[in-house]
Amino acid sequence: RLRKWQERIRTKDAGERNLQFALSEIDRMASALGVPRSVREVASVIYRRSLADDLIRGRSIEGVATSALYAACRKEGIPRSLEEISEVSRVERKEIGRTYRYVSQELALEMRPVDPKKYVPRFCSELTLSEEVQAKANDIIETTADEGLLSGKSPTGYAAAAIYAASLLCNEKKTQREVADVAQVTEVTIRNRYQEQIEAMGIHS
Amino acid sequence: MSAQDPKETINIENVVASTGIGQELDLQSVAMDLEGADYDPEQFPGLVYRTQEPKSAALIFRSGKIVCTGAKSTADVHESLEIVFDKLRDLEIRVEEDPEIVVQNIVTSADLQKTLNLNAIAIGLGLENIEYEPEQFPGLVYRLDDPEVVALLFGSGKLVITGGKEPADAEHAVDKITDRLDELGLLDG
DNA sequence: GCTTTAAAAAGTAACAT
DNA sequence: ATGTTACTTTCGAAAGC
């Protein structure tokens, strides 16, 4: 019947419009974050899979789109913190986090915890720190994380502390505030992680 | 010497239970007569009443059904609810003699007494079986099928077990978790 | 799904001193 | 720089939006 036909078209159009909106949002946020095209493609795939598995029911398109981008960044090895992601999204951090966990579980993405070392290049670049500092920070992270010091700690705070420590050790000192600003964590967190890491590394300075 | 059975470290932190007096209530008047009662139907349909000893909070509904939470044991739940029942009787409200009290959830804490490498545990238990997002919460979430409970594991070796209906559920859970981590060689080492 | 209640774990954050 | 308070997660029931 004509009515049923129109309804189908209407539904199809609405669905198509929503998909286009989601993909354009992913594109917009990805551009704002300055992540490569490959990440946007991965995010698009995750969003389409979420759509196919009906994960959007009861959730906002924007929330799922943002979570897909967050997951894609991690999967591609260039993670953005929820804090950074929420700055380019109109969805609040808490909602992005819970939607991400839901999508991640349902699609069985099997995402590994973020490795703090993945933040080192970008943070150090923003702080104009040398290759030597980066290498030292990575060394601190790897060594102390193997001792179980990483358990339960936020990857950004952990990376920030290691970078702060490395900058001191390499005589390229950055203040806690400078590092805290690029990593978007507090000085208190850097201070706490720094103390533990230094102790575990057996450094005194 | 210091290493004891982790089961011995189990502590019940909260017990949630539900019951009912088998009588409809006019919460507006109960709120007027019962001192210390918090009732704001716009915000929540239940009236909140807190007992001091044992410490707990009771949510009293218009239907006469009651939820009790905050107690440290099932015995405390009964004690707290008896106080609530008596308070209601003081208000000339008929309350059944011994309303059935059903424990809905027990929250416990325990200590494996060994630090945990949550990253290794996440991989070991299988990423599909756990949730570990340290950026959002420091605990690793592990859902068990039997007993049907949820455990939150922390780097310190301490854990929280919730979702159980009886104290034994927590003991079984601690046993299973200990065994599983042991066979994976993830307790220290 | 949300609202309210209580409680633990450990990390992080906001604001005060 | 430290201390306090508060929020994140898990669970369940209740009645109603």
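Each chain gets a letter, A, B and so on, in the order its sequence line appears, and its residues count up from 1. Bear in mind that the values here come from a model prediction, so they are computed numbers and not experimental data.
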For nucleotides [N] and [M], find the distance between their [atom1] atoms and express it as a whole number of Å.
{"N": "C:dA7", "M": "D:dA15", "atom1": "C1'", "value": "24 Å"}
{"N": "D:dA6", "M": "C:dT4", "atom1": "P", "value": "16 Å"}
{"N": "C:dA6", "M": "D:dT4", "atom1": "P", "value": "22 Å"}
{"N": "D:dT9", "M": "C:dA13", "atom1": "P", "value": "15 Å"}
{"N": "C:dT3", "M": "D:dC7", "atom1": "P", "value": "13 Å"}

Can you see if the side chain of [X] gets near the phosphate of [N] - specifically, an N or O under 4.0 Å from OP1 or OP2?
{"X": "B:Ser18", "N": "D:dA14", "result": "no"}
{"X": "A:Arg59", "N": "C:dG1", "result": "no"}
{"X": "A:Arg93", "N": "D:dT8", "result": "no"}
{"X": "A:Arg98", "N": "C:dG1", "result": "no"}

Atom-to-atom span, [atom1] of [X] to [atom2] of [N] - whole angstrom:
{"X": "B:Glu166", "N": "D:dG12", "atom1": "CD", "atom2": "C1'", "result": "15 Å"}
{"X": "A:Ile56", "N": "C:dG1", "atom1": "CD1", "atom2": "P", "result": "16 Å"}
{"X": "B:Leu118", "N": "D:dT10", "atom1": "CG", "atom2": "C1'", "result": "15 Å"}
{"X": "B:Glu131", "N": "D:dT8", "atom1": "CD", "atom2": "C1'", "result": "13 Å"}
{"X": "B:Glu42", "N": "C:dT4", "atom1": "CD", "atom2": "C1'", "result": "15 Å"}
{"X": "A:Glu92", "N": "D:dT8", "atom1": "CD", "atom2": "C1'", "result": "13 Å"}
{"X": "B:Glu133", "N": "D:dT10", "atom1": "CD", "atom2": "P", "result": "12 Å"}
{"X": "B:Tyr132", "N": "D:dT10", "atom1": "OH", "atom2": "P", "result": "16 Å"}

Task: No-hydrogen, no-angle side-chain donor-acceptor test under 3.5 Å, A:Ser86 and A:Glu92 - done: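 There is no such pair (donor and acceptor under 3.5 Å, judged by atom type) between the side chains of A:Ser86 and A:Glu92.
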Open item on the list: Ignoring hydrogens and geometry beyond distance, is a side-chain donor-acceptor pair present between A:Ser31 and A:Arg40 at under 3.5 Å?
Closed with: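 Looking only at side-chain atoms, A:Arg40 and A:Ser31 do form a donor-acceptor pair, the distance falling under 3.5 Å.
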Open item on the list: Return whichever of B:Glu148 or B:Ser63 has its heavy-atom-nearest nucleotide of DNA chain D closer to the 5' end.
Closed with: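 First, find each residue's nearest nucleotide; the 5'-ward one identifies B:Glu148.
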Open item on the list: For A:Arg101 and A:Arg191, find the nucleotide of DNA chain D closest to each by heavy atoms; which residue's nucleotide sits nearer the 5' end?
Closed with: A:Arg191
Task: Among B:Asp179, B:Asp111, B:Asp175, the one residue meeting salt bridge (charged side-chain N to carboxylate O under 4.0 Å, His left out) with B:Lys7 - done: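 So the option named by the test is B:Asp175.
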Task: Residue among A:Arg74, A:Lys153, A:Arg112, A:Arg101 satisfying salt bridge (charged side-chain N to carboxylate O under 4.0 Å, His left out) with B:Glu133 - done: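 Of the listed options, the one satisfying the test is A:Arg74.
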Task: Transitive ILVMFWY side-chain link B:Ile161 to B:Ile12, under 4.5 Å - done: no
- [ ] Between D:dA1, D:dA13, D:dT10, spot the one nearest the side chain of A:Gln176, thanks.
- [x]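 That would be D:dA1.
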Task: Among D:dG12, D:dA14, C:dA6, the one nearest B:Ala57 by side-chain distance - done: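 Of D:dG12, D:dA14, C:dA6, C:dA6 is nearest to the side chain of B:Ala57.
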Task: Base partner of D:dA15, which must satisfy Watson-Crick or wobble distances under 3.5 Å - done: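 Per the H-bond distance test, C:dT3.
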Open item on the list: When both hydrogen-bonding distances must be under 3.5 Å and the geometry is Watson-Crick or G-U wobble, what is D:dG3 paired with, if anything?
Closed with: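 Across all strands, the one nucleotide that pairs with D:dG3 is C:dC15.
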Task: Contact summary for A:Arg193 and A:Gly157, nearest pair of heavy atoms - done: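 Of all heavy-atom pairs spanning A:Arg193 and A:Gly157, the closest is CG-O, 4.0 Å.
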Open item on the list: Any non-hydrogen side-chain atom of A:Leu55 less than 4.5 Å from a side-chain atom of A:Tyr102?
Closed with: yes
Open item on the list: Using side-chain heavy atoms (C-beta onward) and a distance below 4.5 Å, is A:Tyr164 in contact with A:Arg191?
Closed with: no
Task: Letter per nucleotide, 5' to 3', of nucleotides 7-17 of chain C [B base touched, S only sugar-phosphate touched, - untouched; heavy atoms, 4.0 Å] - done: BBBBSSS----
